[in-house]
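Following: one structure in structure tokens, then a few remarks.
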2 protein chains.
Amino acid sequence: MADADQRLEQMVRGLREIGHRITPQRLAVLKILAESKDHPSVGMIYDQIKKEFPTTSLATVYKTITVLKELEEVLELGFADVGSRYDGNRPFPHPHVICTKCGAIVDPQFSNMEKMAAEMAKKSGFNITHHRLDFFGLCPKCQKG
Amino acid sequence: MADADQRLEQMVRGLREIGHRITPQRLAVLKILAESKDHPSVGMIYDQIKKEFPTTSLATVYKTITVLKELEEVLELGFADVGSRYDGNRPFPHPHVICTKCGAIVDPQFSNMEKMAAEMAKKSGFNITHHRLDFFGLCPKCQKG
DNA sequence: ATATGTGCAAATGGTTTGCAGTGAG
DNA sequence: CTCACTGCAAACCATTTGCACATAT
């Protein structure tokens with residue numbers, strides 16, 4: 001998990017740079033986000049943290065994520081039906097594949113979106129800064145079930 | 001607006017087929033969705049409708065949209081920050097370009113996503129059924145402002 | 001020492017629901 | 001005539017906020 005450690009350091013550094021303190025609760029949130037590859041919801045993070053710090057409040061988790069979003073150290077994936085999921089491991093735009101049955105979210109390798117973004121910018125006159133690409137379907141497991 | 005008329009007919013037909021009634025309020029929602037190219041929110045639709053039917057309730061708008069979603073006669077675009085927007089004119093997956101300042105949403109022409117979807121299916125083992133592709137940036141107007 | 005962070009509880013805001021009355025088919 | 005639809009208000013639920021206390025720096 002060397003890359004998760006690096007992500008964690010990066011997050012801590014970012015918070016310190018803008019004058020934020022590193023509390024144990026906050027560190028626990030950062031750890032979960034830096035390590036997880038399954039794009040957890042706030043609730044999932046909260047449940048996880050309560051094992052370590054039973055008194056931690058949901059509000060603290062939300063507040064921490066808000067700061068990380070501002071720092072662009074976490075990527076928010078909002079869904080109309082199922083709320084928001086977070087990716088602290090790869091906090092930059094990249095494609096996702098979402099199972100419409102069990103809700104699993106995975107990162108496929110690949111994709112040169114930059115080329116397509118440039119094309120869109122040209123055609124629309126927009127100054128494109130970021131993007132989002134999601135594919136929906138049934139994961140291998142749910143195809144059998 | 002010939003294609004909007006066609007969309008409207010298609011929607012009405014769809015509703016009738018599953019035994020739903022066509023009330024004036026409902027028809028007003030359908031019209032707005034079939035005609036608009038600006039991806040309105042529920043609130044925008046509601047405001048629009050009140051001009052014609054001042055007593056119409058928000059709940060009715062929501063309920064109608066829920067049915068249209070089931071029929072796949074309207075495409076829902078959920079955003080984490082700004083809620084959901086709806087496209088009844090082209091209710092199938094297609095790319096969108098969203099202005100991060102004024103919230104405008106436009107449909108660029110183009111895109112062969114099918115190829116990319118097939119690639120994703122192969123790599124992930126998922127059975128891909130649909131997708132979503134959004135580009136974010138500043139629209140020409142907001143680049144000046 | 002001194003603000004920032006925490007935890008709790010209350011507030012918010014978009015969306016959904018329950019239900020009695022209304023109206024499309 | 002009937003049963004689905006409407007409108008209203010209440011319920012929901014994820015997220016946000018206010019505030020007194022705790023604590024990282």
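Just so it is clear, the values below take in all heavy atoms, side chains as well, and ignore hydrogens, waters and symmetry mates. In what follows, every chain begins at residue 1, and chains take the letters A, B, ... in the order their sequences are listed.
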Phosphate OP1/OP2 of [N]: any [X] side-chain N/O under 4.0 Å:
{"X": "Tyr62(B)", "N": "dT15(C)", "result": "yes"}
{"X": "Gln25(B)", "N": "dG7(D)", "result": "yes"}
{"X": "Thr60(B)", "N": "dG7(D)", "result": "yes"}
{"X": "Thr55(A)", "N": "dG7(C)", "result": "yes"}
{"X": "Thr23(A)", "N": "dA24(D)", "result": "no"}
{"X": "Arg16(A)", "N": "dA24(D)", "result": "no"}

Between Arg26(B) and Ala59(B), name the one whose nearest nucleotide on DNA chain D is closer to the 5' end.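 First, find each residue's nearest nucleotide; the 5'-ward one identifies Arg26(B).
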[X] [atom1] - [N] [atom2] separation (whole Å):
{"X": "Glu76(B)", "N": "dT16(C)", "atom1": "CD", "atom2": "C1'", "answer": "13 Å"}
{"X": "Glu70(B)", "N": "dT16(C)", "atom1": "CD", "atom2": "C1'", "answer": "13 Å"}
{"X": "Leu58(B)", "N": "dA11(D)", "atom1": "CG", "atom2": "P", "answer": "18 Å"}

Checking contacts here: which listed nucleotide (dA24(C), dC19(D), dG7(D)) is nearest the side-chain heavy atoms of Pro24(B)?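 Closest of the options to the side chain of Pro24(B): dA24(C).
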Tell whether Arg21(A) reaches the base of dT25(D) with its side chain through a donor-acceptor pair below 3.5 angstrom.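 No, no donor-acceptor pair under 3.5 Å.
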